[in-house]
Amino acid sequence: MDFRTASIAGAIALTFSTSSFALDLQPYTTKGAPVGKTIFSLGRVSADASSANENSTSVRLTHYFDLAGRRAVLDAKQFYRGIEPKGNTKLISGQSEEKGVSALAFGGGVYLIDDKTAGDYLLAGMFVVTPTGEYSSTKTVNAGENRYTFIPKVAYHTSLTEKIDMAVSADVSFYTKNDKYKLPAGYGGVQTQKKDPQFNTQASFMYAIDPTLNVNTSIFYHEGGKTKHSDSVASVLDKKTQNTQASVGFRKITDVGAFSVSYKQDINHVSGTELNSQWDFKWKIAW
């Protein structure tokens, strides 16, 4: 194995998106693995946000293959989510807890630059989030989704020195409408919800303490995704996401896989759900 190459809408939307935020890249992810390698990832997320707490488990399968002489990748990710609304979210939704399977996110990409000698990699791809998982129009907070989301993404990784790497990425989430969206009591009940595109960018820096251990830091910016309901709904519900987040973490490679831990929080929150803290734990194994 070689891992070295390797708001509650406005006020009531899903606390954590299973689309764009789920595609936040771990450091070294863009660099990827050699053709023919398959990577299995098991993750655990524990997050404290302004509207809810979430404890979720994820499984991810990634396969690298040759596509007309270029390295390419297929990727699929699935969450089992545990959401505990709090404060006004709990009061308005009437839910104390929501557990279930999230929407399935899958996609792929092709390496437009793939220079192992120089340490330069450019990956372009498309991901789709499907209207699967556990969703009910009788609930305000759901584990799954009732819409498709299409996410074109581009990511670049380069080696700055023998020990320092940098990666940057950008994507846009395009949402189809949700025609079974339940608003809080007094706001119109079940109706159609539309959502503007959301823009997401990320920059990461990695420092290799030794070939098996690195520390890293990342910064994220998210903006857009404003929801739109009927005219009978108070405009307070139609808020967009706008925040900047930062994370720190490390990755350790062992004989039984690669282990990584990271901590993330908002450092500049303007609107949408505020992330107070988030811990991510992942274990990866390749064959």
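What you see below is based on every heavy atom in this structure, not just the backbone, and it leaves out hydrogens, waters and symmetry mates.
Between the CG atom in N214 and the CD1 atom in I253 there is a gap of 7.5 Å [rounded to 0.5 Å]. Atom OG1 of T227 and atom CG of D196 lie 8.5 Å apart (nearest 0.5 Å). Here CG of D255 is found 10.5 Å from CD1 of I285. Values are rounded to the nearest 0.5 Å. Atom CG of residue D165 and atom OH of residue Y121 lie 8.5 Å apart, to the nearest 0.5 angstrom.
By the 4.0 Å N-to-carboxylate-O rule, E97 lies close enough to K99 to be salt-bridged with it. A salt bridge is absent between D114 and R70: the closest approach of a Lys/Arg side-chain nitrogen to an acidic carboxylate oxygen does not fall below 4.0 angstrom. Between D120 and K31 no salt bridge is recorded (no basic side-chain N to carboxylate O distance below 4.0 Å). Looking at D171 and K153, a side-chain N of the basic residue comes within less than 4.0 Å of a carboxylate O on the acidic one, giving a salt bridge.
Under the ring-ring contact (aromatic ring centres under 6.0 Å, His included) criterion, Y263 pairs with W279, not counting sequence neighbours.
For the pair R147 (side chain) and T176 (backbone), a donor-acceptor distance under 3.5 Å is present. A distance-only check finds a donor-acceptor pair linking the side chain of H269 to the backbone of G272 [under 3.5 Å]. For the pair S262 (side chain) and G249 (backbone), a donor-acceptor distance under 3.5 Å is absent. Of the possible donor and acceptor atoms, none in the side chain of D266 sits under 3.5 Å from a partner among the backbone N and O of N268. In terms of modelled atom types and a separation under 3.5 Å, the side chain of K163 and the main chain of A208 share a donor-acceptor contact. Judged by distance alone, the side chain of S159 and the main-chain N or O of T161 form no donor-acceptor pair under 3.5 Å. A donor-acceptor pair is defined here as one N or O able to donate and one able to accept, closer than 3.5 Å; no such pair exists between the side chain of N146 and the backbone of N178. Formation of a donor-acceptor pair under 3.5 Å by the S102 side chain with backbone atoms of G144 is not found in this model.
No donor-acceptor contact under 3.5 angstrom links the side chains of Q202 and N200, judged on distance only.
M206 is not connected to V215 by any chain of hydrophobic side-chain contacts under 4.5 Å among Ile, Leu, Val, Met, Phe, Trp and Tyr, and they are in different clusters.
Under the 4.5 Å side-chain criterion, counting only non-hydrogen atoms from C-beta, D280 is in contact with K282. Residues N55 and R44 have side chains in contact (heavy-atom distance under 4.5 Å, counting atoms from C-beta outward). Counting heavy atoms from C-beta on, the side chains of N276 and Q265 never come closer than 4.5 Å.
Summarising the geometry of A72 relative to L67, their closest heavy-atom pair is CB-CB, 3.8 Å, with the distance given to 0.1 Å. In terms of heavy atoms, R81 sits closest to S56 at CA-OG, 3.2 Å. Nearest heavy atoms, D75 versus R60: OD2-NH2, 2.6 Å. The two residues A52 and P85 have their closest heavy-atom pair at CB-CA, 3.8 Å. Taking each heavy atom of A103 and T130 in turn, the nearest pair found is CB-O, 3.0 Å. Minimum interatomic distance between V141 and Q95 (heavy atoms only, all atoms of both residues): N-OE1, 2.9 Å.
Geometric assessment of R251 against the ring of Y28 yields a positive cation-pi assignment under the 6.0 Å and 45° thresholds.
Ring geometry for Y111 versus Y64: interplanar angle of 30 to 60°, hence tilted. Aromatic ring pairs are classed by plane angle as parallel below 30°, tilted from 30° to 60° and perpendicular above 60°; the pair W283 and F40 is perpendicular.
Taking Ile, Leu, Val, Met, Phe, Trp and Tyr as hydrophobic and joining them when side-chain heavy atoms fall under 4.5 Å apart, one finds L104 in a cluster with F106, M126, V128, Y148, F150.
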